[in-house]
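Have a look at the structure below, then the notes.
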There are 4 protein chains.
Amino acid sequence: MKQAVFLIRTDDRQGLLAAISNFFTGHKYNIIGCRQYTDLHEGRYFMRVVIDLSNECTRRELEEHFSALARELRLTYEIHYSDEVRNVAVMVTKTSHCLYDLLMHSEENTLGGGRVVMVVGNHPELESVADRFRVPFYCFPVEKGKEAEQEALLHPLFERNHIDLIVLARYMRILSDDFISRYPRRIINIHHGFLPAFQGSDPYRQAWERGVKIIGATAHYATAELDEGPIIEQDVVRISHEDTPEALREIGRDIERRVLTRAVQAHLEHRIILSDRRTIVFGR
Amino acid sequence: MKQAVFLIRTDDRQGLLAAISNFFTGHKYNIIGCRQYTDLHEGRYFMRVVIDLSNECTRRELEEHFSALARELRLTYEIHYSDEVRNVAVMVTKTSHCLYDLLMHSEENTLGGGRVVMVVGNHPELESVADRFRVPFYCFPVEKGKEAEQEALLHPLFERNHIDLIVLARYMRILSDDFISRYPRRIINIHHGFLPAFQGSDPYRQAWERGVKIIGATAHYATAELDEGPIIEQDVVRISHEDTPEALREIGRDIERRVLTRAVQAHLEHRIILSDRRTIVFGR
Amino acid sequence: MKQAVFLIRTDDRQGLLAAISNFFTGHKYNIIGCRQYTDLHEGRYFMRVVIDLSNECTRRELEEHFSALARELRLTYEIHYSDEVRNVAVMVTKTSHCLYDLLMHSEENTLGGGRVVMVVGNHPELESVADRFRVPFYCFPVEKGKEAEQEALLHPLFERNHIDLIVLARYMRILSDDFISRYPRRIINIHHGFLPAFQGSDPYRQAWERGVKIIGATAHYATAELDEGPIIEQDVVRISHEDTPEALREIGRDIERRVLTRAVQAHLEHRIILSDRRTIVFGR
Amino acid sequence: MKQAVFLIRTDDRQGLLAAISNFFTGHKYNIIGCRQYTDLHEGRYFMRVVIDLSNECTRRELEEHFSALARELRLTYEIHYSDEVRNVAVMVTKTSHCLYDLLMHSEENTLGGGRVVMVVGNHPELESVADRFRVPFYCFPVEKGKEAEQEALLHPLFERNHIDLIVLARYMRILSDDFISRYPRRIINIHHGFLPAFQGSDPYRQAWERGVKIIGATAHYATAELDEGPIIEQDVVRISHEDTPEALREIGRDIERRVLTRAVQAHLEHRIILSDRRTIVFGR
């Protein structure tokens with residue numbers, strides 16, 4: 001059964017719910033799922049509607065009709081179709097745990113309808129992992145001062161392969177604002193630490209020194225300000241004084257893996273709407 | 001701002017969402033919150049609507065109009081008003097931790113709009129705790145074979161005091177089916193263990209013997225079959241082999257306290273709809 | 001059965017475990033509990049020994065003998081006796097949730113052997129709560145610029161009442177370094193947020209704006225640098241975009257309550273050893 | 001630095017700790033880790049000692065010396081060496097999630113020092129997964145009534161490959177008591193549900209029907225009575241009414257994967273001592 005997912009946001013006001021659901025029932029679309037959330041603080045209205053497409057209309061007609069309604073109600077919206085292919089590119093450096101988990105879910109078809117179609121590394125380290133899953137691996141070493149050139153090579157590659165989502169799976173280079181701004185809400189990064197977090201290169205060491213009792217990880221959309229993008233998913237694990245910095249790193253890897261995969265799934269299942277720096281993440 | 005909460009259930013079919021939300025907007029009620037959930041397995045539709053009552057209509061008119069819609073759409077529903085008083089009776093035996101937490105939240109006005117108006121014990125033990133919060137305490141010792149008589153004394157007491165919810169806060173007597181069936185979905189019990197659970201009088205000891213690594217508690221509506229009622233809330237805590245049965249009991253008390261209070265809040269905030277043995281618990 | 005608890009720390013080296021346990025067995029003390037932890041990074045050794053005192057020796061003798069060993073092995077140590085009274089003073093402002101939980105556990109005798117013997121407020125708000133538990137309440141309003149005078153009044157009060165531990169249960173005034181330095185490792189504070197945390201007066205609002213998916217609280221020893229003291233206990237709860245800042249505050253209160261009580265219990269049960277900014281918290 | 005791990009159990013009595021640690025220091029072994037736990041209920045003593053082997057003695061000498069001590073103190077014990085190879089066989093049917101996670105950790109060298117050296121399936125389904133990691137796959141289809149013959153084929157295979165641990169990674173056949181009793185404490189099974197659990201083939205469906213709010217998984221040693229073996233590790237995840245049975249199954253897969261891997265790591269790191277049906281699992 002083919003479906004369409006509508007992600008809608010607008011200012012909250014009376015009658016929205018009725019007007020929008022009337023539209024679908026009026027056009028004989030069966031609403032098989034509907035979630036809405038009203039942010040009373042900001043006076044905003046968010047809605048996710050899933051309809052099945054087994055009626056007479058074409059998608060073009062659906063889109064034309066809906067855009068008329070959207071103009072009338074001043075809706076900001078996206079439409080996604082269940083049979084769309086969603087291509088994912090994973091960028092990595094040397095650590096494999098997140099990459100493995102993404103490839104595994106891609107293989108098992110549990111990545112929210114997406115497939116990992118390429119792995120891009122700034123080191124050759126993880127080529128063998130990509131090979132293992134028969135996914136093409138591209139290596140673009142970054143020379144100091146030549147970051148721009150490397151980034152320039154990525155754009156045509158992503159374009160040719162119709163990449164819908166770029167996942168930074170412990171990619172240890174900082175991407176330029178220009179690069180990031182070309183893929184708004186299409187780059188997901190995993191932060192090796194619970195945000196707000198210890199800054200610096202070794203947060204697990206800092207966590208150990210501070211004697212924290214819980215560590216975590218955070219997946220967020222990449223934005224110009226590093227680690228300041230909207231949070232998609234977080235998770236934590238309780239630790240004890242007996243866990244060494246090494247143990248914390250290993251525990252951390254496991255959380256990072258889980259959190260990043262869940263965030264990618266939420267994005268690919270079209271369950272996320274952005275509201276400034278907040279994400280509205282609807283349940284499955 | 002006075003509000004009304006509608007809890008609605010019916011068979012799932014097209015146009016429900018539109019029809020119901022049209023009703024409210026048509027009658028100039030502002031929908032300030034709306035959650036619905038469609039159970040595709042059972043083909044059931046559940047909805048919680050919160051409206052504000054600041055328009056012209058009286059409650060009687062509202063109820064008349066809505067009952068017409070309900071007949072037409074075959075809705076099962078409840079209406080609750082934010083200014084309704086909700087009186088809670090707590091039944092106890094000898095352990096005080098759950099009682100304290102309920103009285104404390106009642107005192108702090110964080111019990112979901114309800115107030116603990118009486119404590120009933122089958123032992124005098126906890127009278128002083130009730131006194132401390134200036135809540136009347138009634139002691140009805142249960143003589144073997146005279147359970148029926150004791151229960152008989154409770155009904156007029158509950159009636160006179162307009163009791164809306166009976167909370168079994170570690171009440172260690174089994175109530176008769178007759179008693180329970182007089183208060184459908186109005187008795188909440190805390191089960192000292194994670195359900196499905198170790199049976200018997202000392203689940204924490206059994207959990208210890210089995211070496212479980214996690215213990216929990218479950219709050220559910222009381223039904224004729226003991227511990228088989230619909231689950232409202234559960235929580236767990238990770239434990240280790242170093243925790244003695246005593247320690248487990250103490251940890252358990254803390255979980256029981258938390259779980260029971262959260263369940264009572266969900267009920268008193270009218271966030272629960274029943275579907276056979278399942279509870280649909282909408283978020284705040 | 002009377003017991004003594006030894007909290008020991010020293011530089012790690014061979015034979016420590018044997019030497020110390022030999023001491024006790026040599027003097028016919030039965031070791032009923034022993035935990036040690038070696039910090040291989042810093043080369044430090046931490047040990048908690050519980051012995052029963054049912055042999056012939058007096059405590060004085062025990063202390064003399066052990067101090068000799070300690071000199072020889074260069075041990076830093078504390079000795080605590082199970083029959084010591086531990087008096088707790090709770091400092092509050094206007095919010096009652098932490099105070100209630102502490103008084104309740106004190107009343108139930110589950111505060112790790114300690115008793116709340118006084119409540120000190122800079123506002124009269126919570127007098128009634130203290131009264132309810134028949135605990136003396138002292139009100140010392142703080143006039144701007146006269147903080148020193150207020151603090152000066154507290155010292156004799158704490159001294160006369162043999163206060164062993166001061167708990168800042170959402171006490172909203174900043175205490176002077178002088179005050180804090182007079183009670184090293186004897187002041188426990190609850191931080192209304194997960195550390196490292198959003199700074200400022202309303203962390204729950206900031207958490208909401210940032211769209212965090214998990215919130216928490218942190219209990220730590222008070223030190224001169226605010227919120228920088230050694231962390232004793234932390235806990236978190238998963239939240240969603242539907243939770244309003246108010247809801248987050250209420251959820252936060254529940255975590256704060258739990259975390260602070262657990263930290264106070266760990267301290268009063270003599271399960272904590274400090275190592276710079278880290279706490280070694282041994283299990284029950 | 002080569003190390004030896006001693007897992008020791010005996011009846012609790014005075015002087016044990018001193019006697020055992022004296023032994024090592026007396027023989028000039030540096031104790032680099034020592035955990036002990038006294039079960040006061042059963043009067044049992046458990047100890048895990050890690051020493052480094054950089055002194056003069058041979059392993060044979062160490063073992064001879066220690067066995068003398070063990071006789072004297074009536075110790076039950078195991079000795080493991082850090083440079084021992086630990087070979088793991090994984091038995092599977094059709095579901096790949098646990099297998100992937102084990103192979104991935106084996107590949108990343110984070111499986112507690114063990115390596116997956118073979119995958120055995122009663123279906124050919126997962127051959128490609130094993131191939132992907134270049135691990136031999138053996139397929140032994142089970143014909144009704146010929147279980148014994150199939151099992152008979154496994155023993156020589158395990159023997160020839162020096163298998164130390166057999167992991168049932170969602171292996172959907174029941175193994176005979178005879179088979180299991182040949183590998184005591186060397187078979188780890190993952191139970192697709194939190195124990196005590198809903199019985200039957202589809203626990204997630206039952207959990208859904210009962211409306212549980214938390215689901216989990218349990219890893220345990222396999223024993224004759226199915227699912228009654230000592231619990232090694234458990235974990236849970238909070239769910240909601242919106243999660244369909246399918247969603248629960250997917251969430252369940254993720255928990256199973258995590259729990260099984262952690263249990264295998266604990267076993268291969270020699271952190272587990274058995275006490276009747278309880279496991280003493282020492283932290284890392």
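In what follows, chains carry the letters A, B, and so on, assigned in the order in which the sequence lines appear, proteins first and then strands, with residues in each chain numbered from 1.
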Practice task
With a 4.5 angstrom heavy-atom cut-off, could you sort out which part of D/Phe46 is near chain B: side chain, backbone, both or neither?
Solution key: neither
Exercise answer: donor-acceptor pairs, residues 165-175 of chain D side-chain atoms, under 3.5 Å, sequence neighbours excluded:
unit_1	atom_1	unit_2	atom_2	d
D/Arg170	NE	D/Glu256	OE1	3.0
D/Tyr171	OH	D/Gln150	NE2	3.2
D/Arg173	NH2	D/Glu147	OE2	3.1

Handout entry: Set of residues satisfying salt bridge (charged side-chain N to carboxylate O under 4.0 Å, His left out) with respect to B/Glu250, sequence neighbours excluded
Key = C/Arg284
Completion exercise
Heavy-atom nearest pair, B/Asp235 first then D/Ile214, reads CA-CD1, 3.6 Å
Problem - Residues B/Arg35, D/Glu242: salt bridge by 4.0 Å N-O rule - result: no
Practice task
Quick one: closest heavy-atom pair of B/Lys213 and D/Ile232, and the distance?
Solution key: CE-O, 3.3 Å
Problem - Pair listing, salt bridge (Lys or Arg N to Asp or Glu O under 4.0 Å) test, anchored in residues 36-51 of chain B, at least two apart - result: B/Asp39-B/Arg278, B/Glu42-D/Arg205, B/Arg44-B/Asp276
Practice task
Quick one: closest heavy-atom pair of D/His241 and B/Thr279, and the distance?
Solution key: CB-O, 3.8 Å
Exercise for the section: Please determine, among B/Ser275, B/Pro245, B/Gly283, the option with the most heavy-atom pairs under 4.5 Å with chain D. Expected result: B/Pro245
Problem - Reported OG-to-CZ distance for the pair D/Ser240 and B/Phe282, which is rounded to 0.5 angstrom - result: 10.0 Å
Problem - Residue-level contacts of residues 3-19 of chain D with chain B, using a heavy-atom cutoff under 4.5 Å - result: none
